[in-house]
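The chain is numbered in sequence order, starting from 1. What you are looking at is a predicted structure, and each value in this text was computed from that prediction instead of being measured. First listed ligand is number 1; within each ligand, the first listed atom is number 1.
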Amino acid sequence: MTSQIITQLETPALLLERGRMQKNIARLRDQLVRLKVAFRPHVKTAKCVEVALAMSGGSPGPITVSTLREADYFADHGFTDILYAVGFTPNKMGHFAALLKRGVMLTVILDSLDAAHALVQASAAMPFAVNALIEIDCDGHRAGILPDCADLLAVADVLAKGGVIVAGVMTHAGGSYDCRSDEALRVMAEQERSRTVRAAERLRQAGHAAPVVSVGSTPTALFAQNLTGVTEVRAGVFVFFDLVMAGLDVCRVDDIALSVLTTVIGHQREKGWTIVDAGWMAMSRDRGTATQPVDQGFGLVCDANGVALPDYIMVSANQEHGIIAHRNGAEGKPLDIPVGAQLRILPNHACATAAQHARYHVLDGTSAVVDGWERISGW
Ligand SMILES: Cc1ncc(COP(=O)(O)O)c(C=O)c1O
């Protein structure tokens, strides 16, 4: 590609600092090596083959996806060991079958007797055995069967009798996003581990092989001190990090690899506002920091070089307009940046902000755009 510098980019544009991303990947991979557990990165944050390859150490490895569109796309790029980590429904069976037929080792998840019966029925006519993980509720935040619930064994029995392979158990400790201290994160990581291992042990005692124990969220993956009994960790947002993760002290603001480049389009000086051409279409409507001790509005402002201006946030967002102001409102000094100048805005939630864009403009610590990586969207 012809090289550009960021001042030549039409805004809003999604920027990715490659060096920061590589550092984030190395940090998690080192942690998992230390804890002697395999890595199955969640590619839903990046939805981009270049990023997935970097997470997998350079060549295709096991991945987690959140859509079958991701499964198709990553299979096209040589990824063949794929966990689809959203509960199974029969209307997706044709798509699963097509992926299995092209040689993808696809594993599905489920957490109810209804879904188990539906999977058995839908897979009966298929020439391939289907692998399933039973989803465990380790923290009450979303889906899953409680580790000591009778349904766990009942679901496994329905699957096994119906010819579906009971590959094991999985969980996602999304409750870690509500933890408010390092100690709470360590406790949550141990809870995620122990409850999921307990579920696997119950399955094994009942005669199922259940070799896989799959856990993962970025905060618990990074705060886990012991992963005995766990066979793989899934994490996604760690690759870019974001303001929610910085608010949890899981990373520093300087670790955030993703930002939205925007241009100042005007001012309302009497209100202390600077208006930019990135609104919620560019940032997403995610307000994940709203419930954290420091509310970052729709994003934290950085200068054009990516240096954070900690007093300034996007206080409000329309579709294509963002309003930048001092976080203390009228008491603060307005940002003195002329029309036409650029700023970068760090996202609350990297997955949601990246999803608003079709490509990453890749930077390597300077204002030169060193690469352009496409990303996919949709289902
Ligand atoms: C099933 C599942 N596994 C893993 C993850 C990764 O979590 P994180 O983005 O915190 O790394 C998610 C995120 O939503 C998920 O839904």
(request) Find out if a path of hydrophobic residues (ILVMFWY) with successive side-chain heavy-atom gaps under 4.5 Å connects Val253 to Leu16. (result) yes
(message) On a heavy-atom basis, I'd like to know which of His172, His42, Glu135 is closest to atom 7 (O) of ligand 1.
(response) His172
(message) Checking the N or O distance criterion of under 3.5 Å, is ligand 1 in contact with Cys351?
(response) no
(message) Below 4.0 Å, non-hydrogen atoms only: which portion of Phe238 touches ligand 1? Side chain, backbone, both or neither.
(response) neither
(message) Check for me whether the distance between the ring centres of Phe79 and Tyr73 falls short of 6.0 Å.
(response) no
(message) Is it the case that the side chains of Ser214 and Arg234 hold a donor-acceptor pair, with the cut-off being a distance below 3.5 Å and no angle test?
(response) yes
(request) Decide whether an N or O pair under 3.5 Å exists between Lys44 and ligand 1. (result) yes
(request) Considering heavy atoms of the protein only, find what lies nearest to atom 3 (N) of ligand 1 and give residue, atom and distance to 0.1 Å. (result) Arg234 NH2, 3.0 Å
(request) Test the Arg327-Tyr312 pair against the cation-pi criterion, namely NZ or CZ under 6.0 angstrom from the six-membered ring centroid and within 45° of the ring axis. (result) no
(request) Measure across Val130 and Val108 and return the closest heavy-atom pair with its distance rounded to 0.1 Å. (result) CG1-CG2, 4.1 Å
(request) Answer with yes or no after comparing the ring centroid distance for His172 and His42 against a 6.0 Å cut-off, counting only values under it. (result) no
(message) Once rounded to the nearest 0.5 Å, what's the spacing between atom OH of Tyr360 and atom CG of Leu15?
(response) 12.0 Å
(message) Show me which atoms of ligand 1 lie under 4.0 Å from any heavy atom of Ala85.
(response) 1 (C)
(message) Would Tyr177 count as a polar contact of ligand 1, with the cut-off being nitrogen or oxygen pairs under 3.5 Å?
(response) yes
(request) For atom 6 (C) of ligand 1, find the nearest protein heavy atom and state the residue, atom name and distance (0.1 Å precision). (result) Gly236 N, 3.8 Å
(message) Measuring from atom CD of Gln22 to atom CZ of Arg29, what distance do you get when rounded to the nearest 0.5 angstrom?
(response) 12.0 Å
(message) For Arg142, which part has a heavy atom under 4.0 Å from ligand 1: side chain, backbone, both, or neither?
(response) side chain
(message) For ligand 1 and Val237, I'd like to know whether there is a polar contact (N/O to N/O, distance under 3.5 Å).
(response) yes
(message) Out of Val239, Thr45, Thr218, who is nearest to atom 11 (O) of ligand 1 when you count heavy atoms only?
(response) Thr218
(message) Please list, in number order, the atoms of ligand 1 under 4.0 Å from a heavy atom of Ala235.
(response) 11 (O)
(message) So for ligand 1, is Thr64 a polar contact partner (N or O within less than 3.5 Å, distance only)?
(response) no
(request) Determine, using ring centers only, whether Phe39 and Phe238 are less than 6.0 Å apart. (result) yes
